[in-house]
Every structure is written in structure tokens, then in C-alpha cells.
Number of protein chains: 2
Amino acid sequence: MTLTEENYLKALFHLSLENEEVSVLDLSKSLNIKMPTVNSMVKKLSSKELISYEKYKPLTLTQGGKRAAGLIIRKHRLVEMFLVEHLGFGWDEVHEIAEQIEHIKSQKFFDRIDQLLDFPKVDPHGSPIPDINGEVAVQNYNKLEECLVNQQATFMSVGSSQDSFLKLIDKLNLKLGDKIKVLEIQDFDKTMRVLVNNNSEQTLSQLVATNILVKLNV
Amino acid sequence: MTLTEENYLKALFHLSLENEEVSVLDLSKSLNIKMPTVNSMVKKLSSKELISYEKYKPLTLTQGGKRAAGLIIRKHRLVEMFLVEHLGFGWDEVHEIAEQIEHIKSQKFFDRIDQLLDFPKVDPHGSPIPDINGEVAVQNYNKLEECLVNQQATFMSVGSSQDSFLKLIDKLNLKLGDKIKVLEIQDFDKTMRVLVNNNSEQTLSQLVATNILVKLNV
DNA sequence: AATTTTTGTTAGACTATTCTAACATTATAG
DNA sequence: CTATAATGTTAGAATAGTCTAACAAAAATT
């Protein structure tokens, strides 16, 4: 499988998680590649039985396509973890590098990285690392946005890996595992005031709260 | 610079170290790419001022080409070192993986690897790691082949990174840094009997002895 | 020096991935 | 339920890197 094909599968995989149906246009936007190009690549991947494709119908991954995509994402997230844990990178810096290293052809290389990291289950952004068969554990976290006043929760994962978002979270001094208590929600714009680890108060816009994924503390 | 261009520069760099003059055919053989393809790529790299090219003349790297090649080799050797030191790979397994990772676009990634390794000067095969400007330190080691009986020497580097050669060296229980004393040389085929670290005797063919690079102990 | 061999070059074609332009279908909105 | 907008498809061209076939120059051999 080529690097390009891998990127198409990965993108479709991510889009399929986020949306009910994925169109050629969605894939085109996500990859930043024009529709006709995507169209022909989708046909090619369809002929390889990695994507199910019918004209004018939404795109889906086949069983094999899902597995292949899962395995690439596994590599990506293992590498991200390695970059943070062993090379001292910030969680906002690792995506681009992992994007390249994920395509290295060497099962053993990734196995050794996995071992070195002691078989981590999540990456630095709290996203699950697919297993050796490309299976991704389902995470059912809540968006902090949906919490009510007085709700207590634990910061488990981020909903966006955008550089600017991650940098903001850093600046707010928020880290995965932190305890968050909702103090107040503005009626007007849903801005939240929260208490972090029972000691620092922060104000979060709705957009930020949407991308903070938490486990509710009952 | 593309991955392909980088591979051409690297190959020319290595060939230039081994031979007085490097022809298009040499480069073609070394890359396993047909002559016409090499010819056109050489022209392209010449237009980028990385290779000096005149029709029917031997190929040379420009100053810039040498630097670029040196930097790629630096990345390659740092990665090899990392794979051996931190991921437990054997020295016969690392070339292929390093061949891929050397093309990763991230100065910082390699800087961090360098730091993690505590700024090594040689790779697992004893080859020098070029500095941050792509400069390669000249090693003037001798071939064990050229040593006379009773000569004592230290195993510093290998002249070949071929898998089968490295595996053989492993099997002979030879490691970089070992003390070697020449006990006997067969007149007929130049086969050598040597004493390693004053304790184990080994018999080495001329071809093997040629690829064992040593520092003479006076 | 003439011929043959080796090496180098040119021309033209192929594949993968991308694009733009034109056209087709489906969805949306009066 | 048509008209328009949005989405999808086809056709054809561009680029990078590769190839084969044919020709050209240089080197080696007789």
C-alpha cells in the first residue's frame, strides 16, 4: 500500500467516526485534495476492496479497509507517544512528525516502540491506540460543554488536535487527568467558569468546552 | 528536496568516497535504476547546483551537494544508532529502517535523537556521523587484510554493511573495540588466523579481513 | 587506425498522483 | 414540481520518476 492510499484510508476512518455519512466532498476537504482526484482514488481503493463505493452514494470502509486504517492510526499514535515520552516533544508538536513516521515499513520497528512505551493504551491526546489488529476501543467520554453547573469530571481526552487548541490548553494549565468542576455557565454564550484540581479557576469558551472530553465523576 | 533526490545525492556521496571517479553507470548500478533515468535525474540535480555535470564526464557533488548528502547520512547514522541503543535492534537490521526514517522532515526530531544518544560520533558500524554542517570526519583506519603476522590492532569499523557480512561478524563473536592479533596468514589464499581479545582464535577469509577496519596498536 | 565494446544520451512511453474544465446527478428551495 | 444549488463524475492534461529502444561518444582491442 502506498503512502497516499494510507492517507486516504486514515482520513475516511476519522471522518466515519465523526459523521453518519461521509461524502466524496468531505474526504476531499479533509485531505485538501480536489474532488476528481479523490473520486479516482476512491475507485482504486474500491477495486482493492478497502472502500465500498457506489456512484453517488456515501463512502464506507470495508472490513479490510477499517483494519488497515486502524493499523496506520496505531502507528501514528504510538509514535506520538514516543515523541512525547522519550524525545521531550510537546503534544502540540508531534502530529506532523508522526504523520510521516507512521508510513515506515517495518512491523518490528513499531513493535519495539510499543514495547519501549510499555504498551500504552492511549496517545498523548488521550485518544485510544488501536490494538495489533487495528481495533479501536470505543471511548464514551462526555463533552465538558454538556456538563451542568456543579458537575465534577475528569479531563480524559481532547476533541481536536489543532495546534492552536492544544497550545491554549497548555496555557490554561490543563492536563489530562485533571479534575474539573463546573462553577458557572453563562446563559448568553455558554462560556464556562471551572475549578481545576480544586485550586485554579479558568474561563472556557463554548468551543473550548466542546473539545474537552471528560469522564463524569458521579 | 524529494526523497528520490536525496537518495541520488547520498549514493553519489558514498561512491565518491570509494572511487576516484564516479560514472553515470556506477550511480545507476548503485541505485539499481537504469542509466537513462539516472542521466535525467543528474541533469535535474545539476540544474539545482547539487551535482556538477558535463556530458560524458565523471560526476561530482558541488559544495552544496556534499553538504546535503552529509546531512542525510548524518540522519541515517543517528537513526541507526538510536535503533541499536534504544530499540534493541541488531546492527544487521538497522540499515533498511534508517533508510526510510532519514527522509523525515523535521530538524528538531533528529536534534532530539542526537541529544538522547548523547551526541555520538560514530554509528553502530563504526562509521563517522557527519556533524550538523554535513561534514564527515576522515577516518584513516587500516584494513585488517593489510596487516602482517604478529601485528596487533583494534577493530574500529566495518568496510561493508551487507547483512550477510554483519551476521558473519556476529557469529565470529567479533565486536567493535575488540583487540585482534594476527597469528598466521596463508600464502595461498591470504586466509588469516587471528587471536581476539587474547582469548579466542578465529579464521578469516581475505574478503572478511578486507572489510574489517582496524587501528594499529604500535 | 579500424573495429568492437562499453558507456552515455536522447526520444518516447508508462504509472501514480494531482489538477482544471465540462458535464451529470441529486438535493434544496421556491 | 420545476429551477437552482450542491455534489459527483468524466475527460484530458501536468509532473515526477521510472522504463525500453535507438542512437552517439569514448574506451578498449586487435
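Chain identifiers are assigned alphabetically (A, B, ...) following the order of the sequence lines, protein sequences preceding nucleic acid strands; residue numbering begins at 1 within each chain.
Within 4.0 Å of Lys43(B), counting heavy atoms only, lie sugar-phosphate atoms of the nucleic acid but no base atom.
Near-neighbour residues of DNA chain D inside residues 52-61 of chain A, defined by a heavy atom below 4.0 Å, number-ordered: Tyr53(A), Lys55(A), Tyr56(A). Within residues 10-26 of chain B, the residues that place at least one heavy atom under 4.0 Å from DNA chain C are, in residue-number order, Ser23(B), Val24(B), Leu25(B).
Of the charged side-chain nitrogens involved, none lies within less than 4.0 Å of a carboxylate oxygen, so that Lys105(A) and Glu96(B) do not count as a salt-bridged pair.
One distance of note links CG of Asn142(A) with CD1 of Ile212(A); it measures 13.0 Å at 0.5 Å rounding.
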Nucleotide by nucleotide, nucleotides 16-21 of chain D touches protein heavy atoms under 4.0 Å in the pattern (B base, S sugar-phosphate only, - none) SSBBBB
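Distances shorter than 4.0 Å separate none of the side-chain N or O atoms of Asn39(A) from OP1 or OP2 on dG8(D).
If you measure from atom CE of Met1(A) to atom P of dT17(C), you get 12 Å, rounded to the nearest angstrom.
His86(B) has its ring centre no less than 6.0 Å from the ring centre of His86(A). Taking the six-membered ring where the residue is Trp, the centroids of Phe82(B) and Phe82(A) are separated by under 6.0 Å.
When every heavy atom of Gln107(B) is checked against every heavy atom of Ile132(B), the shortest pair comes out as NE2-CD1, 4.0 Å. Among all heavy-atom pairs drawn from Arg77(B) and Pro128(B), the shortest one is NH1-O, 2.7 Å. Counting all heavy atoms, side chain and backbone alike, Phe165(B) lies closest to Ser160(B) at CD2-O, 3.4 Å.
The aromatic rings of Trp91(B) and His125(B) sit parallel, their planes meeting at an angle under 30°, below the 60° perpendicular limit.
Among Lys190(A), Lys143(A), Glu145(A), the single residue meeting the side chain to side chain donor-acceptor pair (under 3.5 Å) criterion with Gln206(A) is Glu145(A).
Annotation: cation-pi geometry not satisfied between Arg74(B) and Phe110(B) (NZ/CZ under 6.0 angstrom from ring centroid, within 45° of ring axis).
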